[in-house]
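Here is the structure we will look at, set down as structure tokens.
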Amino acid sequence: MQPPLKSLDYFQKSYDIRVGQLKEKRVRGTKIIGTFCLFVPDEIIFAAGADRLVLCGGRTDTIARAEQSLPRNICPLIKSSFGAVVDACCGGNLSCAHVQLVDVVVAEATCDGKKKMYELLPEYLPTYVLDLPQKPGSPEAITYFLSELRKFGTYLEDLTGNAINEEQLKKEINSSNETRRLLHRLFDMRRCDPPPITGSEVLQVMQKQFFLSPDQFREGIRQLCEEMEHRIPPARSGPRIMISGCPMSAGNTKISDIVEKKGAVIVVEESCTGTRSFWDLVEEDKEPWTALAERYLRIPCACMTPNDQRISHIVDLARRYHVDGIVYYTLQFCHGYNIERLRVQKALKKEKIPLLAIESDYGDSDVEQIGIRIDAFLEMVS
Ligand code: BJ8
């Protein structure tokens with residue numbers, strides 16, 4: 001086993017610095033926005049002089065708290081996120097520091113479970129819901145989403161007391177694109193055989209993008225890319241695997257850890273903690289609101305219908321990263337990603353790329369059983 005990359009320490013150390021930074025900002029009057037999804041454009045938040053952190057839960061310990069009011073048979077990400085809010089706002093002792101750092105929550109109309117959970121949030125935190133068209137390919141979708149983004153901009157202007165001007169918005173678009181380009185540089189290096197970084201290491205980094213400031217995150221990625229460029233990885237022994245499906249929020253690394261402990265190497269993740277978060281850039285030469293609406297509506301989330309762009313993106317990634325097999329990961333009770341698997345599976349069958357479907361929660365009770373299935377899958381694709 002090769003020694004861990006030194007630049008990963010940077011991300012660990014930056015965490016405490018960022019907590020301090022957010023606390024200080026709040027004291028100075030900067031509004032901190034909590035979000036739960038990639039569909040809420042950071043660029044608009046930053047252009048309004050606010051800051052943001054993502055509150056998606058990957059921890060198990062907040063789930064019991066959520067289950068006191070939510071049904072048990074909904075996705076663990078929803079329960080974990082909601083439980084953290086309830087606990088933090090009702091003087092609990094689970095100490096999810098993130099919730100206490102935000103002034104308001106900006107939610108989004110995506111899956112049913114999230115939409116209904118967001119209806120309960122105002123009891124704990126001021127909540128704004130950004131609506132989304134469900135058929136991104138329809139001619140009316142862009143017009144509608146554009147009007148929703150402008151409304152969101154007005155909400156932020158009222159909240160912060162700052163006007164969002166075009167110049168600032170363009171600056172934020174360029175800044176977010178710079179982050180996306182750096183992530184492309186990082187992910188491109190994973191096409192090498194063997195790749196100079198493991199999937200578990202990449203996941204740790206990708207989870208941090210939702211908490212660190214853009215400057216902090218970019219600095220970490222730059223250091224990491226430089227270290228990776230000079231790293232000589234040991235010869236590869238296991239197959240090249242792609243993970244595709246639901247996001248793995250901070251605290252949840254279960255499947256990536258099992259896959260790599262079994263000897264495979266994860267070379268790419270098609271998820272919101274992978275390519276979905278950075279793949280497409282925002283057009284920089286366009287009117288900024290339109291450019292944002294177009295880019296964000298292209299996010300291939302299973303909440304959208306039809307979601308053909310996701311199917312072709314997965315096939316494209318499988319070829320580009322020379323994968324031997326795909327582990328299709330669904331969080332328990334996430335119907336969107338679970339049902340969409342059938343179309344993904346069909347497309348991959350044509351390409352002769354094997355797929356293993358795994359549905360799991362945040363608990364440990366299925367670790368052994370998943371390990372056995374992954375062992376058998378890796379043996380088949382080796
Ligand atoms: S853009 S994936 S972050 S909605 S896993 S809560 S879909 S039941 S997290 Fe998501 Fe935005 Fe889409 Fe990404 Fe619902 Fe499924 Fe749970 Fe999910």
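All values below were derived from every heavy atom in this structure, side-chain atoms included, with hydrogens, water molecules and symmetry-related copies excluded. Indexing begins at 1, ligand by ligand and atom by atom, following the structure's order.
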Checklist entry - Under 3.5 Å, is there a donor-acceptor pair between the E227 and Q223 side chains? => result no
Next on the checklist: Whether the side chain of R373 engages the backbone of A357 through a donor-acceptor N/O pair (distance < 3.5 Å, no angle test) should be reported.
Outcome noted: yes
Checklist entry - Do we see a donor-acceptor contact under 3.5 Å between the side chains of D42 and S176? => result no
Checklist entry - Could any protein non-hydrogen atom be found less than 4.0 Å from atom 16 (Fe) of ligand 1? => result yes
Item to check | Top protein contact for atom 9 (S) of ligand 1, by heavy-atom distance | outcome: P247 CG, 3.6 Å
Checklist entry - What atoms in ligand 1 come closer than 4.0 Å to a heavy atom of C272? => result 1 (S), 2 (S), 3 (S), 13 (Fe)
Checklist entry - Do K254 and S360 get their side chains close enough for a donor-acceptor pair, meaning under 3.5 Å? => result yes
Item to check | For atom 11 (Fe) of ligand 1, the protein heavy atom that lies nearest, with its residue and separation | outcome: C37 SG, 2.3 Å
Item to check | T273 and S271 side chains, donor-acceptor separation under 3.5 Å | outcome: yes
Checklist entry - What residue and atom, counting heavy atoms only, is the protein's closest point to atom 12 (Fe) of ligand 1, and at what distance? => result C301 SG, 2.3 Å
Checklist entry - Can you find a side-chain donor-acceptor pair between R218 and T179 that sits under 3.5 Å? => result yes
Checklist outcome for this item: So the protein N/O/S atoms within less than 2.8 Å of atom 16 (Fe) of ligand 1 come down to C75 SG
Checklist outcome for this item: Numbered in order shown, the ligand 1 atoms found under 4.0 Å of a heavy atom of F39 are 1 (S)
Next on the checklist: Students often mix this up, so state it plainly: with edges at 30° and 60°, are the rings of H184 and W279 parallel, tilted or perpendicular?
Outcome noted: tilted
Checklist entry - Does any donor atom in the side chain of E108 or T110 lie under 3.5 Å from an acceptor atom in the other side chain? => result yes
Checklist entry - Side chain of S147, backbone of Y144: donor and acceptor closer than 3.5 Å? => result yes
Next on the checklist: If the cut-off is 4.0 Å to any non-hydrogen atom of T110, which atoms of ligand 1 fall inside it?
Outcome noted: 4 (S)
